[in-house]
Amino acid sequence: QVQLVESGGGLVQPGGSLRLSCTAPRSISSIITMGWYRQAPRSQRELVADITSSSITNYADSVKGRFTISRDNAENTVYLQMSDLKPEDTAVYYCRTIVRIPQGLKFYWGQGTQVTVSS
């Protein structure tokens with residue numbers, strides 16, 4: 001079930017920057033956690049970064065110091081600012097959110113956006 005809208009992917013040279021965004025519909029509220037995952041060809045999907053409702057962040061070791069995750073609760077949006085991009089960052093990037101609903105927790109995924117780092 002795809003309900004998150006992603007944008008910002010593209011082709012960039014090594015050392016370049018991109019900023020990804022992911023917006024949840026206004027009908028989705030009480031977002032607990034939002035995160036970014038990526039999946040390269042022939043690889044497992046891996047966590048890149050996530051941010052909790054209290055704005056606690058964590059990052060994969062491979063992106064620490066280069067990527068920054070942030071969220072705008074009023075806009076239901078999470079961002080991933082990516083700097084000093086490397087070819088090994090090439091992957092499809094997916095956003096995910098965990099939402100509190102009366103029945104418990106609900107998970108949503110974005111459609112994926114391609115990031116290609118190549119000269």
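FYI, the numbering just counts along the sequence from 1. Heavy atoms only: backbone and side chains are in, while hydrogens, waters and symmetry mates are out.
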Query raised in the report: Which pair of non-hydrogen atoms, one from A24 and one from I31, has the smallest distance, and what is that distance?
Result: CB-CD1, 4.1 Å

Query raised in the report: Taking it one step at a time, do N73 and R71 satisfy side-chain contact (heavy atoms from CB on, under 4.5 Å)?
Result: CA-CA 6 Å; N73 293 334; R71 65 188 293 177; 2.8 Å; yes

Query - Qualifying residues under side-chain hydrogen bond (donor to acceptor under 3.5 Å, both in side chains), relative to T23, sequence neighbours excluded - result: T77

Report summary line: Heavy-atom closest pair (V12 atom, S17 atom, distance to 0.1 Å) is CG2-N, 3.9 Å

Query raised in the report: Is it true that the side chains of T90 and E88 contain a donor and an acceptor less than 3.5 Å apart?
Result: no

Report summary line: Minimal heavy-atom distance between L47 and W36, with the atoms involved, is CD1-O, 3.6 Å

Query raised in the report: Between the side chains of Y37 and R96, is a donor N or O closer than 3.5 angstrom to an acceptor N or O?
Result: yes

**Report entry** Heavy-atom closest pair, residues S119 and P14
**Finding:** N-CD, 3.7 Å

Report summary line: Taken to the nearest 0.5 Å, the spacing of L20 CG from Y93 OH works out to 7.5 Å

Query raised in the report: Step by step, would you call V78 with I51 a side-chain contact (heavy atoms from CB on, under 4.5 Å)?
Result: CA-CA 9 Å; V78 63; I51 183 167; 4.2 Å; yes

Query - Nearest non-hydrogen partners of R66 and L85, listed with the distance - result: NH1-CA, 3.9 Å

Query - Side chain N76, main chain P25, donor-acceptor under 3.5 Å - result: yes

**Report entry** Flag for T52-S54: side-chain donor and acceptor within less than 3.5 Å
**Finding:** yes

Query raised in the report: Do other residues, nucleotides or ligands put more than 12 heavy atoms under 6.0 Å from R45 CZ?
Result: yes

Report task. Give the C-alpha distance, both sets of side-chain angles, the deciding distance and a yes or no for side-chain contact (heavy atoms from CB on, under 4.5 Å) between F67 and V48. Result -> CA-CA 9 Å; F67 291 11; V48 178; 3.6 Å; yes

Query raised in the report: Do the side chain of S7 and the main chain of C22 share a donor and acceptor less than 3.5 angstrom apart?
Result: no

Query raised in the report: In Å and rounded to the nearest 0.5 Å, what is the OG to CD1 distance from S55 to I69?
Result: 10.5 Å

Report summary line: All heavy atoms of G9 vs all of V115, minimum pair found to be CA-CG2, 4.2 Å

Query raised in the report: In terms of ring plane angle, is the pair Y94 and W109 parallel, tilted or perpendicular, where the classes change at 30° and 60°?
Result: perpendicular

Query raised in the report: Are the side chain of E6 and the backbone N or O of G112 linked by a donor-acceptor pair below 3.5 Å?
Result: yes

Requested in this report: Can you measure from CD1 (I101) to NZ (K106) and round to the nearest 0.5 angstrom?
Outcome: 6.0 Å

Report task. Flag the pair L4 / T97 as yes when at least one side-chain heavy-atom distance between them is below 4.5 Å, and no otherwise. Result -> yes

Query raised in the report: Can we say K86 and D89 salt-bridge, meaning some charged N sits less than 4.0 Å from an Asp/Glu carboxylate O?
Result: no

**Report entry** Verify same cluster id: Y79, L18 (apolar side-chain graph, 4.5 Å)
**Finding:** no

Query raised in the report: Same cluster for I32 and F107 if Ile/Leu/Val/Met/Phe/Trp/Tyr side chains link at under 4.5 Å?
Result: yes

Query raised in the report: Are R38 and T113 close enough that some pair of their side-chain heavy atoms sits under 4.5 Å apart?
Result: no

